[in-house]
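Reading through the structure tokens given below for one structure.
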Amino acid sequence: MIDWQQTLGTTTRGLRRSAVREILKAAVQPEMISFAGGLPAPECFPEELIRTASAGLLDGDQARRTLQYGESEGVAALRAHLGESVSVPTERVLITSGAQQGLDLLGRVLLDRGESILVENPTYLGALGAWRPLGVRFVPIPMDGNGLCTDALGEILTRERPKFLYTMPNFQNPGGSVLALERREALVTLAERHGFLIVEDDPYGDLRYDGEALPSLLSLAQAQGIGDHVVHLRSFSKVVAPGLRVGWMTGPPPLLNAVLTLKQATDFHPSTLGQRIILEVIQDPRYPAHLHHLRETYGARRDAMDAAMHEAFPEGTTWTRPQGGMFLMARLPNGMDATACFETALQEKVAYVTVDHFTIDDSGKDTIRLNFTNASPEKIREGIARLGRLFSSQ
Ligand SMILES: Cc1ncc(COP(=O)(O)O)c(C=O)c1O
């Protein structure tokens, strides 16, 4: 008999499974209306574009290139294309197996046990999951409807010397907020003054339904000649298909070199087929129409959820209508414990996640994150009505 308590490494023993990935397993039951995951609408995958692209890539000579081992940095033509989109040279672009791999590798190359990093509170639980095993200290930055509070950050920086600050400036996960322009500028200035790196994670920026796009932290830093203060992470999971597992990052060369070295030891390189499909899809003349369709569909679903919540949720519930992305975050009245209602919700065949999974201090049990992209407007109305009845009966 193997004693697994002794056999698993100390880091692994203490690990918690991702709550959301566990909930997703429960949420695939038939009839379940799931607002839990960060899932795109499957009927919106650009199937025709992907089919055309893959057929060409698996033909004759092309197939021999597509199916061979590739470069660890990623497919050069894709890197060049992406680099151009953010005004950096090809050498500064690294393709990753989803943005999640970028977060994991960054943590591993940058962080030593006991060091502190600054995170929005609440923040993306996949980042917490990637960095928690490294034994780092998360320093929470308060958030409001305009993103992370830079005044509070300035105060925190009088006592903390963080290795980096992690932020999602566009349609934050879980809160949906957009970091205001003056705060973006203030953040870049603080990063230079205090000498820390900004990790800018932007998988949702292309999913804007209202309002004007704001400049990225990377572009603001580049304009001030301090582009090396920003690592910028992107993903095709939310706009093309997450199953292809293609994300990318750009950052200062010494950092990218370290990430590349680790990546060579991790998975050699991301799937070449996935990368080459993405390159074909984003260069296809039909791609802009796909993005347009995605925005129209998701914007309508956001509106359907917002309207259904106005009708069904108990008096005193508060939420904001995000300008884009995939999530709406709602705070239930009178400190109601949404974690305690969760099992009943599953019995009623509707799933959500509570925000305590996304916070540093386990606060947020009265707050839920609702995904509005995966279910149809009819399902959204039905699921929100079920939740409304449940929360109103508490
Ligand atoms: C903020 C954020 N970053 C990164 C990821 C990881 O995405 P992927 O690895 O699919 O590119 C997600 C996925 O939900 C996310 O919400």
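Remember, predicted model here, so these are calculated numbers, not experimental data. Both ligands and their constituent atoms are indexed starting at 1 by order of listing.
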Please list, chain by chain and in numerical order, all residues satisfying side chain to side chain donor-acceptor pair (under 3.5 Å) with S216, sequence neighbours excluded. S219
Are the aromatic rings of W248 and H81 close, with centres under 6.0 Å apart? no
Can you list the residues that meet the salt bridge (Lys or Arg N to Asp or Glu O under 4.0 Å) rule with R245, with sequence neighbours excluded? none
Does K349 have any salt bridge (Lys or Arg N to Asp or Glu O under 4.0 Å) partners at least two apart in sequence or in another chain, and if so, which? none
Just wondering, do L148 and T150 contact through their side chains at under 4.5 Å, heavy atoms? yes
Any cation-pi pair here, R301 with F372, using under 6.0 Å and within 45°? no
Protein residues having a heavy atom less than 4.0 Å from any atom of ligand 1: G98, A99, Q100, Y124, M168, N173, D201, P203, Y204, S235, S237, K238, R245
